[in-house]
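Report on one structure; see the data block that follows.
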Amino acid sequence: MVIEQIGNIIEKRKQKVEDLKNLNINLFPNDFIVSHTVQDIRSAIKDSEDIITENEPVFVVAGRMMAINRFGKTSFIRLRDRTGQLQAYVRKDRIGDESYDIFKQLDIGDFVGLSGGMFKTKTGEWTLLVNKIKLISKAIRPLPEKFHGLKDPEKRYRKRYLDLIMNSDVREIFIKRSQIIHAIRTFFLDRDFLEVETPMMQPIPGGAEAAPFKTYHNALGIDLFLRIAPELYLKRLVVGGFEKVFEINRNFRNEGVSTQHNPEFTMLEFYQAYATYEDMMDLTKDMFSQVARVVTGSTSITYQGSPIDLEGEWKRMTLKSALEEIGGIEQSLLNDREGLLNFASSNGIKITKAGRLGKVITKLFDVLVEPKLIQPTFITRYPVEVSPLSRKNEKDPTMTDRFELFIAGREIANGFSELNDPADQRERFLEQVARLEEGDEEAHRMDDDYIEALEYGMPPTAGEGIGIDRLVMLLTDSPSIREVILFPHMKPKVE
RNA sequence: GGGCCGUUAGCUCAACUAGGCAGAGCACCUGACUCUUAAUCAGUAGGUUGAAGGUUCGAUUCCUUCACGGCCCA
């Protein structure tokens, strides 16, 4: 049905295709040799403006025609390649009658190769004066409208290629995303970290509280799970002697989609032997300011209207003091599970699946404190029962040496000194397994192989995970995770 | 999962309040035009209004259900 609606334009384009074929024109040739990008041409002009003429040097460039202004025997083209946009001027008396007749059959959206010299139009714009024009690839479907572009978010996400063709700000976001990941990689490699890749398919999904995707391996006859985190594998590598490792890769969590969540998302995790969670906080701040400087040129950014300073002091406060000072909960209540639940219900805060004290505390934190942490803030000392992989604090064994980083009201990193005592780890897993058996599909599973690895000895280590998509959102001022993931998950549309 | 909003030409949007021949701009097609850049001028064409049902003489408009999406909440 949709095909019938668009059919009219497509039918006309297909008729053109037939006409061009009858003239022995190859619509999809593969022998055009490109010798310049648009950027190359601009640089050449900048370097030697005075010796450029409309006859030489001759530039050969290729790209998509984004606009054509036709005037009878002459036309202006706007040509786009990956480096930018360039105007070209096509004259019948320069390219010849036959060639111009073919050019008249071409459409906006077609790829062409051009060669010619550069001149200035009377409005002063450097323009390629075309000697030769060749069709390189034919577009059968019309591009969206040139002025308003493509706005419908559903169509932008489903047909991202159109979004990228039409919306330059979208192109910029994904270029920045690449630069951000590059800058992170450089940061760690410069500090003697080893980049590794660990399994995406795991027999026991571990390292986070999340529901996994399940799949099946035919030849082995076993269930496998798409990983929810790489953590337990990276720590096995620390056992193996790789004292500083990092991985940037995809995690998969079987949960809903929203402006903050995509079922697959990119995670940075890193581990450093002989370091503590406090070292990780220092490292994180260094990394964020370096990445921001490389990518945006500044450590002062704006996210959705809020100015954020990545260079200033990053406040550190414990979870409980944050609840007291920012959340407005009396200190005496903080160890009183029932009291906190009463406080919640009398303040209109719904707590489902309340669980133990630590769970209640973190849920209250999510509602009362998290949205208020706009400037970078480390929250430290998380309860043991919500931190099954973290080392217990030496002075207060109900708490762990763990932190989360919040910026712009969102959790963006989670790190801790690692639990390397295998007996303690086994006990923590057993508690989690009990919850799993109670039906909490997000609880951790027993991983005997991991405990065995710890039994061979893991040096004291600290590690951290940072959600790359959220970091990219922050540095590109994007309100939705779908703006920073090229192909976000969408329900298939029935047509 | 809940609430609100949206889905009309290839694209961006009108028409819906109060039911009465579904429109515009750009794109497309035809013609004119050798410095335009949202080119201009003249003309043509383009629609099962997201899907199914209901009310009605008559539904893009009102009602029900469904699909997909957006925002907010959980």
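Residue numbers start from 1 in every chain, and the chains themselves are labelled A, B, ... in the order their sequence lines are given, proteins ahead of strands.
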**Message:** Between S298(A) and T296(A), is there a side-chain donor-acceptor contact under 3.5 Å, judged purely by atom types and distance?
**Reply:** no

**NZ/NE/NH1/NH2 to OD/OE distance under 4.0 Å, D107(A) and K138(A)** = yes

**Item:** Inter-nucleotide P distance (U7(B), C13(B)), Å rounded
**Value:** 10 Å

**Asked** Can you tell which of G25(B), G70(B), U37(B) lies closest to the side chain of T121(A)?
**Response** U37(B)

**Prompt:** With rounding to whole Å, what would you report as the distance between A32(B) and A22(B) at their P atoms?
**Reply:** 35 Å

**Prompt:** Counting any heavy atom closer than 4.0 Å, what does G256(A) reach on the DNA or RNA strands: base, sugar-phosphate only, or nothing?
**Reply:** nothing

Tabulate protein N/O versus nucleotide N/O from nucleotides 2-4 of chain B, keeping only pairs under 3.5 Å, one per line.
none

**Request:** Give the rounded distance in Å between these two atoms: CD1 of I10(A) and C1' of A27(B).
**Result:** 14 Å

**Prompt:** Which part of the nucleic acid does K16(A) contact within heavy-atom distance under 4.0 Å: base, sugar-phosphate only, or nothing?
**Reply:** sugar-phosphate

**Asked** Considering every strand shown, what is the Watson-Crick or G-U wobble mate of U40(B) when both distances are under 3.5 Å?
**Response** A32(B)

**Prompt:** With no hydrogens and no angle check, do the side chains of S390(A) and Y277(A) hold a donor and an acceptor under 3.5 Å apart?
**Reply:** no

**Message:** Please classify the nucleic acid contact of R156(A) as base, sugar-phosphate, or nothing, using heavy-atom distances under 4.0 Å.
**Reply:** nothing

**Message:** Would you say D81(A) and T83(A) are linked by a side-chain donor-acceptor pair, where the criterion is simply a distance under 3.5 Å?
**Reply:** yes

**Item:** Donor on one side chain, acceptor on other, R177(A) and T266(A), under 3.5 Å
**Value:** yes

**Request:** Report which part of the nucleic acid R13(A) touches: base, sugar-phosphate, or nothing (heavy-atom distance under 4.0 Å, all strands).
**Result:** nothing

**Prompt:** Distance under 6.0 Å and angle within 45° of the ring axis: does R253(A) meet both against F213(A)?
**Reply:** no

**Complete:** Quick note, R78(A) side chain, CB onward, closest among U37(B), A27(B), C26(B) is U37(B)

**Item:** Base partner of G6(B), which must satisfy Watson-Crick or wobble distances under 3.5 Å
**Value:** C68(B)

**Request:** Answer yes or no: does atom CD of E441(A) have more than 12 heavy-atom neighbours from other residues, nucleotides or ligands under 6.0 Å?
**Result:** no

**Item:** Rounded distance (Å) that lies between atom P of G69(B) and atom NZ of K159(A)
**Value:** 14 Å

**Request:** Could you work out which one of G10(B), U34(B), C68(B) sits closest to the side chain of T74(A)?
**Result:** U34(B)

**Request:** Side chain of E154(A) only, please: which of A27(B), G25(B), C68(B) is the nearest?
**Result:** C68(B)

**Prompt:** What integer number of Å spans the P atoms of A45(B) and G50(B)?
**Reply:** 25 Å

**Message:** For a quick check of understanding: with a heavy-atom distance under 4.0 Å over all strands, which category does F119(A) fall into, base, sugar-phosphate or nothing?
**Reply:** base

**Request:** Can you tell me the distance, in whole Å, between the CD atom of Q260(A) and the C1' atom of C73(B)?
**Result:** 14 Å

**Item:** Modelled atom types, side-chain donor and acceptor of K151(A) and N167(A), under 3.5 Å
**Value:** no

**Prompt:** Considering only the C1' atoms, how many Å lie between U44(B) and A27(B), rounded to the nearest integer?
**Reply:** 15 Å

**Item:** F71(A) over C33(B), stacked by centroid distance under 5.5 Å, angle under 30°
**Value:** no

**Message:** With hydrogens left out and only the distance checked, is there a donor-acceptor pair under 3.5 Å joining S75(A)'s side chain and the base of U36(B)?
**Reply:** no

**Prompt:** Base, sugar-phosphate, or nothing: which does M490(A) touch, judged by heavy atoms less than 4.0 Å apart?
**Reply:** sugar-phosphate

**Prompt:** Nearest of U34(B), G70(B), C68(B) to any side-chain atom of K491(A)?
**Reply:** C68(B)

**Message:** Without decimals, in angstroms, what is the distance between R70(A) CZ and A42(B) P?
**Reply:** 20 Å

**Message:** Does the Lys NZ or Arg CZ of R94(A) fall within the cation-pi geometry relative to Y89(A) - under 6.0 Å from the ring centre and within 45° of the axis?
**Reply:** no

**Asked** Can you tell me how far P in A51(B) sits from the matching atom in A59(B), rounded to whole Å?
**Response** 15 Å

**Message:** With rounding to the closest Å, how many angstrom separate the P atoms on G19(B) and G3(B)?
**Reply:** 27 Å

**Asked** Can you tell me the Watson-Crick or wobble partner of G47(B), both distances under 3.5 angstrom?
**Response** none

**Message:** Could you tell me how far apart L150(A) (CG) and G69(B) (P) are, to the nearest whole angstrom?
**Reply:** 16 Å

**Asked** From the list G69(B), U37(B), C11(B), which nucleotide is the closest neighbour of the side chain of P144(A)?
**Response** C11(B)

**Prompt:** Among the nucleotides U37(B), C71(B), G10(B), which one has an atom lying closest to any side-chain atom of T259(A)?
**Reply:** C71(B)

**Request:** Find the distance K151(A):NZ to U12(B):P and express it as a whole number of Å.
**Result:** 8 Å

**Y382(A) six-ring centre to R402(A) NZ/CZ under 6.0 Å and within 45° of normal** = yes

**Prompt:** Does the side chain of Q202(A) pick up a donor-acceptor pair with the side chain of R227(A) at under 3.5 Å?
**Reply:** no

**Prompt:** Taking the C1' atom of each, how far is G23(B) from A15(B), in whole Å?
**Reply:** 7 Å

**Complementary nucleotide of G20(B), counting Watson-Crick and G-U pairs under 3.5 Å** = C57(B)

**Phosphate-side-chain proximity, K155(A) and C11(B), N/O vs OP1/OP2 below 4.0 Å** = yes

**Message:** With a 4.0 Å cutoff (strictly under), does any side-chain N or O of K12(A) reach OP1 or OP2 of C28(B)?
**Reply:** no

**Complete:** Here the distance between atom P of A27(B) and atom CG of D110(A), to the nearest Å, is 16 Å

**Message:** Please classify the nucleic acid contact of D93(A) as base, sugar-phosphate, or nothing, using heavy-atom distances under 4.0 Å.
**Reply:** base

**Request:** Take atom C1' in U12(B) and the same atom in A38(B), then report the distance between them in whole Å.
**Result:** 13 Å

**Prompt:** What nucleotide among C29(B), U36(B), C13(B) has an atom nearest to a side-chain atom of D107(A)?
**Reply:** C29(B)

**Item:** Listed nucleotide nearest any side-chain atom of E125(A), set U34(B), U36(B), G10(B)
**Value:** U36(B)

**Prompt:** Given atom CG of D152(A) and atom C1' of G10(B), what is their separation to the nearest angstrom?
**Reply:** 13 Å

**Watson-Crick or G-U counterpart of A15(B), or none if no pair lies under 3.5 Å** = none

**Prompt:** With a 4.0 Å cut-off on heavy atoms, is Y157(A) in touch with a base, just the backbone sugar-phosphate, or nothing at all?
**Reply:** sugar-phosphate

**Asked** Out of G25(B), U37(B), G70(B), which nucleotide sits closest to the side chain of P153(A)?
**Response** G70(B)

